[in-house]
There are 2 protein chains.
Amino acid sequence: MALSTFRKSGYYNTSMSDLAEACGLQKGSFYHYFPSKEAIMASVLDSVCQYLKAKVFSIAQGTDLEPRARMEKMLLKLGKALLSQEGGCIIGNTTLEVAGQDIAFKATLKSVFEDWLSAMTHIFKEDYPEGTAGRLAQQSVMEFEGAVMLSQLYDSDQYLKDVFVRTLSKMK
Amino acid sequence: MALSTFRKSGYYNTSMSDLAEACGLQKGSFYHYFPSKEAIMASVLDSVCQYLKAKVFSIAQGTDLEPRARMEKMLLKLGKALLSQEGGCIIGNTTLEVAGQDIAFKATLKSVFEDWLSAMTHIFKEDYPEGTAGRLAQQSVMEFEGAVMLSQLYDSDQYLKDVFVRTLSKMK
DNA sequence: GTCTATATCAAGATAGAC
DNA sequence: GTCTATCTTGATATAGAC
């Protein structure tokens with residue numbers, strides 16, 4: 001799949017041949033579906049973004065569970081979807097890779113972080129005043145991305161698990 | 001300079017022509033100094049690593065200043081040297097770019113994070129028990145790298161400044 | 001819709017003149 | 001030590017047969 005190839009190898013270090021091979025096609029066949037490599041990445045990021053909105057960040061808005069349980073459910077799903085995959089976090093990886101470049105799909109990256117921050121803030125607001133909730137959310141997101149970085153480098157999930165526990169412990 | 005080019009454009013997205021141009025040379029001339037692009041990056045990271053060891057992380061060991069003042073001095077210098085440059089943090093950027101690849105200079109990246117963690121832990125230990133100090137150090141490093149990511153994406157220093165204040169406020 | 005073949009270009013790297 | 005010229009390879013992308 002294109003997603004896992006991009007996540008493992010990065011955007012610039014992934015070639016059309018790599019993508020074609022991962023999808024069981026020849027290079028030429030790929031251009032029947034997408035006009036360019038940039039369009040493929042844009043499509044990959046769009047579907048990640050939509051999935052997160054619909055299946056992960058939406059958990060924050062639920063009313064069936066206590067705030068703390070919602071936070072736990074959301075973080076667990078986020079961990080599985082985004083962070084504990086081989087290659088880490090496609091959103092974080094790609095953000096650092098293209099931050100300085102002039103590339104269309106940067107808007108999608110921004111929107112993921114915005115939705116992520118909103119979801120975290122929404123849950124924290126049930127235990128904290130608005131300003132504090134926003135700061136805690138920001139802090140958690142940054143810690144998660146930092147943890148993915150160290151988890152990648154040292155090939156260990158420990159950093160990620162620590163942040164998971166620490167974030168959850170902030171809920172009453 | 002090679003450092004700023006790699007920091008702005010990343011490892012794979014920087015070509016030998018880019019590096020040569022940034023140094024005011026022709027492509028061919030570059031191979032008089034370095035045998036390959038990988039060797040250039042290795043050399044860049046080595047000098048960053050050595051600079052941090054000698055001029056930044058060493059501050060943690062000083063005895064002339066109070067722990068809190070040492071932390072502030074170190075974080076300020078770290079911010080200038082590593083984080084608030086155009087393109088963000090060469091260490092963090094490169095880590096995510098090559099984490100899954102088989103590349104020699106990954107060892108240098110690891111050693112920077114180890115030294116960074118040690119330095120932070122050393123200062124925290126003056127106000128906290130050892131275990132807590134280690135956890136606070138880890139948390140701070142991850143927050144810093146997460147903050148650089150968001151600062152890059154939104155082209156704002158605010159995230160970084162927030163972490164700076166938050167980290168410093170943990171010292172008595 | 002998938003393939004093979006190919007066009008075009010830029011990449012990393014080398015050779016040799018000056 | 002720096003240049004120009006060039007080699008080789010692999011990249012993105014296209015054309016056209018099946």
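Note on naming: letters A, B, ... go to the chains in the order of the sequence lines (proteins, then strands), and numbering restarts at 1 for each one. All of these numbers come straight from a predicted model, not from anything done at the bench.
- A:Arg166 and A:Glu143 are joined by a salt bridge, as a carboxylate oxygen and a charged side-chain nitrogen come within less than 4.0 angstrom of each other.
- Distance A:Glu21 CD to D:dG10 P: 14 Å, rounded to the nearest Å.
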Per-pair distances, 0.1 Å, donor-acceptor, side chain in residues 121-129 of chain B, under 3.5 Å, sequence neighbours excluded:
{"from": "B:Thr121", "atom 1": "OG1", "to": "B:Leu117", "atom 2": "O", "distance (Å)": "2.6"}
{"from": "B:His122", "atom 1": "ND1", "to": "B:Ala60", "atom 2": "O", "distance (Å)": "3.2"}
{"from": "B:His122", "atom 1": "NE2", "to": "B:Gln61", "atom 2": "OE1", "distance (Å)": "3.4"}
{"from": "B:Glu126", "atom 1": "OE1", "to": "B:Arg70", "atom 2": "NH2", "distance (Å)": "3.3"}
{"from": "B:Glu126", "atom 1": "OE2", "to": "B:Arg70", "atom 2": "NH1", "distance (Å)": "2.8"}
{"from": "B:Glu126", "atom 1": "OE2", "to": "B:Arg70", "atom 2": "NH2", "distance (Å)": "3.1"}
{"from": "B:Asp127", "atom 1": "OD2", "to": "B:Lys172", "atom 2": "N", "distance (Å)": "2.8"}
{"from": "B:Tyr128", "atom 1": "OH", "to": "B:Lys170", "atom 2": "O", "distance (Å)": "2.4"}

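- In this structure, B:Phe34 places its CZ atom 15 Å from P of C:dT14, rounding to the nearest Å.
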Revision key, fill the gap. Under a 4.0 Å heavy-atom criterion, the protein footprint on nucleotides 13-18 of chain D, written with B, S and -, is BB----

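- Whole-Å rounding puts the B:Ile40 CD1 to C:dA13 P distance at 8 Å.
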Throw together a table of side-chain donor-acceptor distances under 3.5 angstrom for residues 20-27 of chain A, partners on residues two or more places apart or in other chains.
none

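- In this structure, of D:dT4, D:dA11, C:dG1, it is D:dT4 that holds the atom nearest to the side chain of B:Gln26.
- Remark: B:Lys37 fails to qualify as a cation-pi partner of B:Phe6 under the 6.0 Å distance and 45° angle criteria applied to the six-membered ring.
- A donor-acceptor pair under 3.5 Å links the side-chain atoms of B:Asn93 to the main chain of B:Gly87, judged by distance alone.
- Between the OH atom of A:Tyr12 and the C1' atom of C:dG12 there is a distance of 19 Å, given to the nearest Å.
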Review point. Given the rule in the side chain to side chain contact (heavy atoms under 4.5 Å, CB included) test, do A:Phe144 and A:Leu78 qualify, once you have shown the distances and angles that lead to the verdict?
Key: CA-CA 10 Å; A:Phe144 266 102; A:Leu78 193 63; 5.6 Å; no

